[in-house]
2 protein chains.
Amino acid sequence: MGQITDGPVPKYRQLAEILRARIEAGELAPGDPIPSETALEAEFDLARGTIRKAIAALREEGVIVTTRGKGSYVAGA
Amino acid sequence: MGQITDGPVPKYRQLAEILRARIEAGELAPGDPIPSETALEAEFDLARGTIRKAIAALREEGVIVTTRGKGSYVAGA
DNA sequence: CTGTATTTGTTCGTATGTATT
DNA sequence: AAATACATACGAACAAATACA
């Protein structure tokens, strides 16, 4: 489940890959909300900064869009 | 400009001198905020730890005051 | 309309590991 | 061996935008 492991691959990269996989698998469709930072903290037992780094990476790739006070959403809606 | 160079003088000392110079020149007046650690990272292309070491030196000299969650400010406001 | 709660944004504090000098 | 420097990661406080009762 929360398959983030210690090792050579940074946790924030692992999380970014997991989220991307969920999107590419269609689990999260365009326009759908990404779980909040707090929810992801709980699900993966990671610090908020680590969560935010993963989300920032996906945002820079154009995979998601983030709005302050609202949340992040799968791009392409 | 105030460029950090590789050499015998540690980068954190070079940065501390640059910041002190800005303050003594009046570029940064008492009460003014010092650029954030993130901003200084970008400006000088240094790791955060190096930035913090420079700031810590100025703080110990009483040149600046730092508050968590807010930032560092030129002392003497 | 008025607060309160949620959510993202930004900042500093601390610790660990690795590599280089 | 020791100091320097980078990257990663967790924690905490402060701030602002949005949502909601």
Check your understanding: For the pair made of CG in B:Leu40 and C1' in D:dA5, what is the distance, rounded to whole Å?
Key -> 16 Å

Exercise for review: Find the distance B:Leu46:CG to D:dT4:C1' and express it as a whole number of Å.
Suggested key: 12 Å

Review point. Is the closest side-chain heavy-atom distance between A:Arg59 and A:Val63 below 4.5 Å?
Key: no

Review point. A:Thr50 has a side chain; which of D:dC10, D:dA17, C:dG13 sits nearest to it?
Key: D:dC10

Check your understanding: Does B:Thr66 have a side-chain nitrogen or oxygen under 4.0 Å from the phosphate oxygens OP1 or OP2 of C:dC12?
Key -> no

**Study point:** Interatomic distance where NZ belongs to A:Lys53 and C1' belongs to D:dC10 [whole Å]
**Key:** 12 Å

Check your understanding: Under 4.0 Å: is that the gap between some side-chain N or O of A:Lys70 and OP1 or OP2 of C:dT8?
Key -> no

Exercise for review: Measure the distance from CD1 on B:Ile51 to P on C:dT14 and round it to the nearest whole Å.
Suggested key: 17 Å

Exercise for review: Identify the nucleotide, in any strand shown, that forms a Watson-Crick or G-U wobble pair with C:dT7, with both distances under 3.5 Å; if there is none, say none.
Suggested key: D:dA16

Check your understanding: Atom CZ of B:Phe44 to atom C1' of D:dA5: distance rounded to whole Å?
Key -> 17 Å

Study note, to complete from the structure: Among the nucleotides C:dT11, D:dT8, D:dA5, whichever has the atom closest to the side chain of B:Pro10 is D:dA5

Review point. Given side chains that start at C-beta, do those of A:Leu40 and A:Leu46 come closer than 4.5 Å, heavy atoms only?
Key: no

Exercise for review: Indicate whether OP1 or OP2 belonging to D:dC6 is found under 4.0 Å from a side-chain N or O atom of B:Lys11.
Suggested key: yes

Revision key, fill the gap. Nearest-nucleotide check on DNA chain D, A:Tyr12 vs B:Thr67; residue mapping nearer the 5' end is A:Tyr12

Review point. Given atom CD1 of A:Ile4 and atom C1' of D:dA9, what is their separation to the nearest angstrom?
Key: 13 Å

Exercise for review: Flag the pair B:Glu37 and B:Lys53 as a salt bridge only when some basic side-chain nitrogen lies within less than 4.0 angstrom of an acidic carboxylate oxygen.
Suggested key: no

Point to revise | Check: B:Ser36 side chain, B:Ala39 main-chain N or O, donor-acceptor pair, under 3.5 Å | key: yes

Check your understanding: Quick one: is C:dG9 close enough that its OP1 or OP2 comes under 4.0 Å of any side-chain N or O from A:Arg52?
Key -> yes

Revision key, fill the gap. Atom CZ of B:Arg68 and atom P of C:dC12 are separated, to the nearest Å, by 12 Å

Check your understanding: Is a salt bridge present between B:Lys11 and B:Glu41, judged by a nitrogen-to-oxygen distance below 4.0 Å?
Key -> no

Exercise for review: Classify the nucleic acid contact of B:Ile55 as base, sugar-phosphate or nothing, counting any heavy atom under 4.0 Å across all strands shown.
Suggested key: nothing

Check your understanding: Nearest-Å distance, CZ (B:Arg48) to P (C:dT14)?
Key -> 10 Å

Practice item. Please tell me which of B:Gln14 and A:Gly49 maps to the more 5' nucleotide of DNA chain D, matching each residue to the nucleotide holding its nearest heavy atom. Key: B:Gln14

